Amino acid sequence: MRVLVTGASGFLGKNLMEYLPRNLKDYSFTGIGSKVYDLRSDRACIKAIEYYNPDVIVHAAGSVGGIAANKENPGRFMYENLMMGINMIEAARRQMVPKFIFLGTVCSYPKHSPVPFDENDLWNGYPEETNAGYGVSKKAVGKLLELYGQQYGMRGANLLLVNMYGPHDHFNLTSSHVIPALILKFYNAMKNGEPEVTIWGSGKATREFLFAPDCAKAIACAIERDVPIEPINIGTGQEISIRDLVEEISSQMGYTGTIKYDTSKPDGQPRRCLNTKLAEERLGFKAETDLQTGLKETIEWFLKDENFKEQA
């Protein structure tokens, strides 16, 4: 059984290409990235599928970033994620790929969804404004896959991923998600002897975080099992405030300076926490890594990675 992973050079893609071959021995895995195949082009998608002839596609490619990147690039993020997803699903249909696993996002949920977020509430409102372009595009592509299942009999899965962190993450102050951005911020402050670190927002917003290798396990379950092409939340089901997260990371890194919250900057969505019962029922998946352990492994990986230290 041949599995093609798009976005293999990205954060999640690298974790998938490490985890999946070790744990799914009856499958062969090939990863592709944007340097070889520009998935915004329908022809590139067709060529990739024709060449690799996969039995399963895991669509992990995407244009994504933190709050600042989403605010600066809402149109680009929406366009690129729409085009990549639509082109890959249509090419898979044409080439009769047996199974297509689409990776969606918690950002697709309405801004004021009841907590914990339930899959049935996905279409009950508009996403939080700072990442609406990204969230809407992912939600639309997931619905396309679902409708292709109804009309053409496509099989697969539509997984809604919560915020992730872990090895191979992108550590950049402007485009990273919150955990890698905080790790880099405290690393720089300690390296430069800065007595104060400023954090965007009030710190009151809550988030849920999933260790990337745990996410890879969920995707492995989706490869092996047949489930309806309906949204399935993938997360831990546990939330933490940004303020508590900041304190945990600063403590693990040994930063002893002052932490200031810039309330002129946006908090983003007030709360994020997923109902993960469907993942347990349909995929047999439950996250294993607690946040403190995952943060410790992520920080250790960052400190050992000379390329990222040089960028910092």
Side-chain angles (χ1 to χ4, degrees), residues 6-7 9-14 33-35 38-41 59-87 103-113 125-142 160-166 168-189 194 197-209 212 242 245-246 249 260-272 302 307-308 310-312:
T6 70
S9 59
F11 163 44
L12 178 57
K14 288 179 179 177
S34 58
K35 290 184 178 179
D38 183 352
L39 303 185
R40 295 171 299 180
S41 161
H59 184 52
S63 292
V64 64
I67 288 180
N70 273 284
K71 285 187 69 177
E72 292 172 3
N73 303 281
R76 179 169 70 84
F77 281 0
M78 184 167 185
Y79 169 78
E80 292 185 350
N81 285 293
L82 277 172
M83 295 306 295
M84 288 188 286
I86 289 170
N87 287 336
L103 306 184
T105 174
V106 66
C107 298
S108 295
Y109 273 101
K111 181 176 181 177
H112 296 291
S113 280
Y126 192 70
E128 199 280 323
E129 294 82 2
T130 57
N131 53 35
Y134 175 65
V136 169
S137 66
K138 286 287 193 175
K139 182 157 59 170
V141 174
L160 301 179
L161 310 183
V162 79
N163 297 55
M164 283 179 295
Y165 69 102
H168 305 295
D169 210 337
H170 302 291
F171 294 82
N172 184 291
L173 293 178
T174 57
S175 61
S176 291
H177 285 115
V178 59
I179 286 179
L182 287 172
I183 290 173
L184 179 57
K185 191 179 283 281
F186 284 118
Y187 174 81
N188 286 339
E194 297 170 8
V197 166
T198 300
I199 307 297
W200 269 34
S202 66
K204 296 178 181 178
T206 68
R207 292 292 180 267
E208 177 180 340
F209 297 99
I242 297 299
L245 175 69
V246 167
I249 292 175
K260 176 184 176 183
Y261 290 87
D262 183 357
T263 55
S264 69
K265 297 294 191 297
D267 279 332
Q269 195 161 17
R271 292 180 68 188
R272 280 187 190 163
F302 166 74
N307 291 327
F308 283 104
E310 287 174 10
Q311 291 175 19

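What you see is a predicted model, and the numbers here were worked out from it, not measured in a lab.
Of all non-hydrogen atoms in Gly62 and Met84, the two that sit nearest each other are CA-CE, 3.7 Å. Nearest heavy atoms, His112 versus Pro270: CE1-CG, 4.2 Å. Looking at every heavy atom in both residues, Pro110 comes nearest to Gly125 through CG-N, 3.4 Å. In this structure, Gly268 and Thr130 approach most closely via the heavy-atom pair CA-OG1, 4.2 Å. Contact detail for Leu39 and His59: the closest heavy-atom pair is CD1-CE1, 4.2 Å. The minimum heavy-atom distance linking Leu82 with Ser137 is given by the pair CG-CB, 3.7 Å.
Atom-to-atom distance recorded for Ser41:OG and Met83:CE is 8.5 Å, nearest 0.5 angstrom. For the atom pair Asn188 CG and Ile183 CD1, the distance stands at 12.0 Å (nearest 0.5 Å). Distance check: Ile249 CD1 to Leu184 CG gives 11.5 Å after rounding to the nearest 0.5 Å. Of the inter-residue distances, the one linking His170 atom NE2 with Phe11 atom CZ reads 7.5 Å to the nearest 0.5 angstrom. From Glu80, atom CD reaches atom OG of Ser34 across 9.5 Å, with rounding to the nearest 0.5 Å.
At a cut-off of 3.5 Å, with distance as the only test, no side-chain donor of Arg40 or Asn87 sits close to an acceptor on the other residue. Ser202 and Asp267 share a side-chain donor-acceptor pair at under 3.5 Å.
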### Task
Could you go through the side chain to side chain contact (heavy atoms under 4.5 Å, CB included) check for Arg272 and Asn163 one step at a time?
CA-CA 9 Å; Arg272 280 187 190 163; Asn163 297 55; 3.3 Å; yes
### Task
I would like to know whether Val178 and Phe209 meet side chain to side chain contact (heavy atoms under 4.5 Å, CB included); could you show each step before the answer?
CA-CA 10 Å; Val178 59; Phe209 297 99; 3.3 Å; yes
### Task
Before giving the answer on side chain to side chain contact (heavy atoms under 4.5 Å, CB included), spell out for Leu182 and Val246 the whole-Å C-alpha distance, their side-chain angles and the decisive distance to 0.1 Å.
CA-CA 7 Å; Leu182 287 172; Val246 167; 3.9 Å; yes
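The shortest distance between side-chain heavy atoms of Arg207 and Arg271 does not fall below 4.5 Å. By the 4.5 Å heavy-atom criterion applied to side chains, Tyr126 and Lys111 are not counted as neighbours. For the pair Val106/Leu161, no side-chain contact is recorded, criterion being any heavy-atom separation below 4.5 Å from C-beta on. When side chains are defined from C-beta on, Leu160 counts as touching Tyr109, because their heavy atoms get closer than 4.5 Å. Side-chain contact between Lys35 and Ser9 is absent, with no heavy atoms from C-beta onward closer than 4.5 Å. Met164 has its side chain out of reach of Ile179: every pair of non-hydrogen atoms, C-beta onward, lies at least 4.5 Å apart. Taking 4.5 Å as the limit, every side-chain heavy atom of Trp200 sits out of range of all side-chain heavy atoms of Ile242. When side chains are defined from C-beta on, Lys185 counts as touching Ile199, because their heavy atoms get closer than 4.5 Å.
One N or O on the side chain of Asn81 and one on the backbone of Phe77 form a donor-acceptor pair closer than 3.5 Å.
Other residues, nucleotides and ligands contribute more than 12 heavy atoms inside 6.0 Å of the NZ atom of Lys265.
For Thr105, the side chain to side chain contact (heavy atoms under 4.5 Å, CB included) test picks out Cys107, Ser108, Tyr134, Lys138, with sequence neighbours left out.
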